[in-house]
Novice: 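The structure follows.
For the numbers below, each heavy atom of this structure counts, side chains included, while hydrogens, waters and symmetry mates do not. Here is how names work: the chains are called A, B, and so on, in the same order as the sequence lines, proteins then strands, and each is numbered from 1.
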Protein chains: 2
Amino acid sequence: MQADSWSPTSVLLTVDLVILTLREGRLCVLLVERGEDPFRGMLALPGGFLNHDGEEILDAAHRELSEETALTSGRVHLEQMATYGDSGRDPRGRVVSVAHLAIAPGLPDPVAGTDATDAAWVPAESVLSGGVELAFDHHRIATDGIEQARTKLEFSALATAFCRETFSIAELQQVYEAVWGTELDTRNFYRKVQAAKGFIVPAGSGRRDTGGRPARLYKAGPQTVLFPPLIRPAPSTTEETTRGEEQ
Amino acid sequence: MQADSWSPTSVLLTVDLVILTLREGRLCVLLVERGEDPFRGMLALPGGFLNHDGEEILDAAHRELSEETALTSGRVHLEQMATYGDSGRDPRGRVVSVAHLAIAPGLPDPVAGTDATDAAWVPAESVLSGGVELAFDHHRIATDGIEQARTKLEFSALATAFCRETFSIAELQQVYEAVWGTELDTRNFYRKVQAAKGFIVPAGSGRRDTGGRPARLYKAGPQTVLFPPLIRPAPSTTEETTRGEEQ
DNA sequence: ACAAAAGTGTTACGATTACACCCATGC
DNA sequence: GCATGGGTGTAATCGTAACACTTTTGT
């Protein structure tokens with residue numbers, strides 16, 4: 001720590017959320033239209049300042065999550081992602097944002113937030129391709145969040161957070177296919193997730209109205225790290241030599 | 001973002017550094033003895049408040065790194081790790097710390113910082129086992145940093161940051177063995193690192209006074225992500241079912 | 001010549017893939 | 001019965017581990 005001869009700079013702290021879900025087989029991000037003035041009317045990630053003195057960062061993220069979504073129970077995955085504090089990122093002054101990644105099962109269609117004028121699920125593809133413009137540095141944050149979700153799917157049990165309490169293995173596979181944007185072999189996927197001990201545990205015989213033989217149902221197991229991991233197939237011949245690492 | 005009906009809380013922002021290096025084949029962390037009053041005389045991670053209005057977080061981390069170590073050139077790896085902001089973590093008030101991970105080649109023995117009374121390289125093992133007490137929540141931060149380094153060694157070219165400008169493959173192997181605490185087969189390691197294209201590139205024939213045939217020398221390649229990755233051998237039969245994920 | 005360390009070939013094994021096949025249910 | 005989707009068996013293939021072996025230098 002530094003000597004206190006000069007007074008240290010204080011900053012405003014916000015939490016921003018990259019909330020991901022699956023809608024009609026597509027990975028989507030929750031975006032809100034800003035009702036307040038910096039970037040009023042523009043799309044942005046949900047988020048906000050710390051509430052009162054003493055609110056924990058993770059609590060603030062949970063609070064913003066509840067405000068923006070109609071999340072019933074505590075069945076949401078929420079974890080810290082990275083901190084963005086570039087001096088020019090907010091016109092109001094020095095605002096540092098601790099970005100979080102949230103994963104939720106498919107949520108009711110249009111979600112009306114408390115202070116946000118409007119909220120909408122936007123396909124992750126549109127964000128990645130730059131098709132939508134976002135306020136602040138939220139494009140960067142959203143991109144980082146999506147990429148992090150893709151990576152964590154390989155090594156952690158994150159995929160179950162996209163599903164409801166109980167789910168079939170086919171549903172779990174759809175999560176992987178949607179987030180990665182690839183197709184997987186049903187039979188091999190079946191055995192791989194079973195091989196990862198503690199990933200999923202049986203939860204009764206299933207009743208699903210899909211027509212064929214009913215699938216067995218499972219729920220999330222105790223393990224958070226997957227071994228062996230589910231390796232994401234390489235995007236075929238397209239070599240990508242440029243991938244930044246340090247931020 | 002929230003409406004401005006109430007004034008948002010401002011916090012003090014610090015950067016803390018988990019600086020890792022190899023000394024005599026052991027992974028070590030740089031710790032300083034605090035000369036100022038919260039936890040005066042106790043060991044802590046190097047770090048400090050943001051300097052003046054407008055200093056970028058990453059710049060502050062670089063500055064602290066230079067102050068605490070005698071780093072000559074820019075050959076240091078520095079990346080953001082995680083943010084720690086629990087309300088009780090600093091007795092002076094609400095202080096939020098953006099922790100960074102730094103990797104450096106073996107540095108001169110005793111490093112005297114500018115404001116820290118004393119600085120010392122402490123074996124990572126001692127920190128992990130709880131053998132040394134650290135100020136604030138720095139034990140947690142240091143543990144997280146060491147674990148992150150271990151993981152990143154598998155999938156990124158981080159290991160080269162532990163080496164000097166040029167290095168032999170055997171030296172690179174020592175990095176892996178020290179950080180992971182395992183032994184690796186020399187021959188297979190040799191081919192694995194060569195197979196990861198862009199990881200290391202030749203840098204002239206080597207001269208080392210080790211007695212045998214001189215090793216070829218290499219330098220860090222352009223690639224930051226390793227494919228195929230160098231998988232860390234499982235720690236034998238010892239099952240570990242409890243590994244936290246969310247923070 | 002010998003020791004020490006670098007680098008190469010080769011085989012055995014385990015994991016992964018691709019795909020053929022059988023099972024259970026609704027209509 | 002037959003369409004539909006769930007679940008199992010198996011051979012070809014790939015990557016890896018293990019280790020014998022050759023090469024190059026210093027003394």
Novice: Under 3.5 Å, is there a donor-acceptor pair linking the side chains of B:H138 and B:D16?
Specialist: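 Yes, B:D16 and B:H138 have a side-chain donor paired with an acceptor closer than 3.5 Å.
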Novice: Parallel, tilted or perpendicular for A:F155 and B:F155, by the 30°/60° rule?
Specialist: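 Rings of A:F155 and B:F155: tilted, as their planes differ by 30° to 60°.
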Novice: Should B:E147 and B:R232 be marked as a salt bridge (charged side-chain N to carboxylate O under 4.0 Å, His left out) after you check the CA-CA gap, both sets of side-chain angles, and the distance that decides it?
Specialist: CA-CA 12 Å; B:E147 187 51 47; B:R232 159 166 46 160; 3.7 Å; yes
Novice: Rounded off to whole Å, could you give me the CD-to-P distance for the B:Q173 and D:dA17 pair?
Specialist: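 Rounded to whole Å, this separation is 13 Å.
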Novice: In whole angstroms, how far is the P atom of C:dT25 from the CZ atom of A:R213?
Specialist: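 So the two atoms are 7 Å apart, to the nearest Å.
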Novice: Write down the distance between CG (A:L217) and C1' (D:dG6), rounded to a whole number of angstrom.
Specialist: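 Spelled out: CG on A:L217 to C1' on D:dG6 is 12 Å.
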Novice: Quick one: B:F227 CZ to D:dG15 C1', roughly how many Å, whole number?
Specialist: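 B:F227 atom CZ is separated from D:dG15 atom C1' by 11 Å.
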Novice: Output one line per pair: protein atom, nucleotide atom from nucleotides 14-18 of chain C, and distance, for all N/O pairs under 3.5 Å.
Specialist:
| unit_1 | atom_1 | unit_2 | atom_2 | d |
| --- | --- | --- | --- | --- |
| C:dT17 | OP2 | A:K192 | NZ | 2.8 |
| C:dA18 | N7 | A:N188 | ND2 | 2.9 |
| C:dA18 | N6 | A:N188 | OD1 | 3.3 |
| C:dA18 | N6 | A:R191 | NH2 | 3.4 |

Novice: Calculate the interatomic distance between A:R216 atom CZ and D:dG5 atom C1'; express it in whole Å.
Specialist: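 In whole Å, D:dG5 C1' lies 14 Å from A:R216 CZ.
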Novice: Roughly, in whole Å, what's the span from CD in B:E171 to P in C:dG7?
Specialist: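 Rounded to the whole Å, the gap is 12 Å.
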Novice: State whether a side-chain donor-acceptor pair under 3.5 Å links B:H62 with B:E64.
Specialist: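 On atom types as modelled, these side chains do not qualify, holding no pair under 3.5 Å.
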Novice: For the residue pair B:D185 / B:Y190, report whether a side-chain donor-acceptor contact shorter than 3.5 Å exists.
Specialist: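 Note: B:Y190 and B:D185 side chains miss the donor-acceptor criterion.
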Novice: Whole angstroms only, please: what is the OH-P distance between B:Y190 and C:dA5?
Specialist: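 In whole Å, C:dA5 P and B:Y190 OH are 17 Å from each other.
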Novice: With heavy-atom distances below 4.5 Å as the criterion, would you say the side chains of B:L230 and B:E154 are in contact?
Specialist: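 Counting from C-beta outward, B:L230 and B:E154 never come under 4.5 Å.
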Novice: Within this structure, what is the CG-to-C1' distance between B:L184 and D:dC19, rounded to whole angstrom?
Specialist: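 Rounded to the whole Å, the gap is 16 Å.
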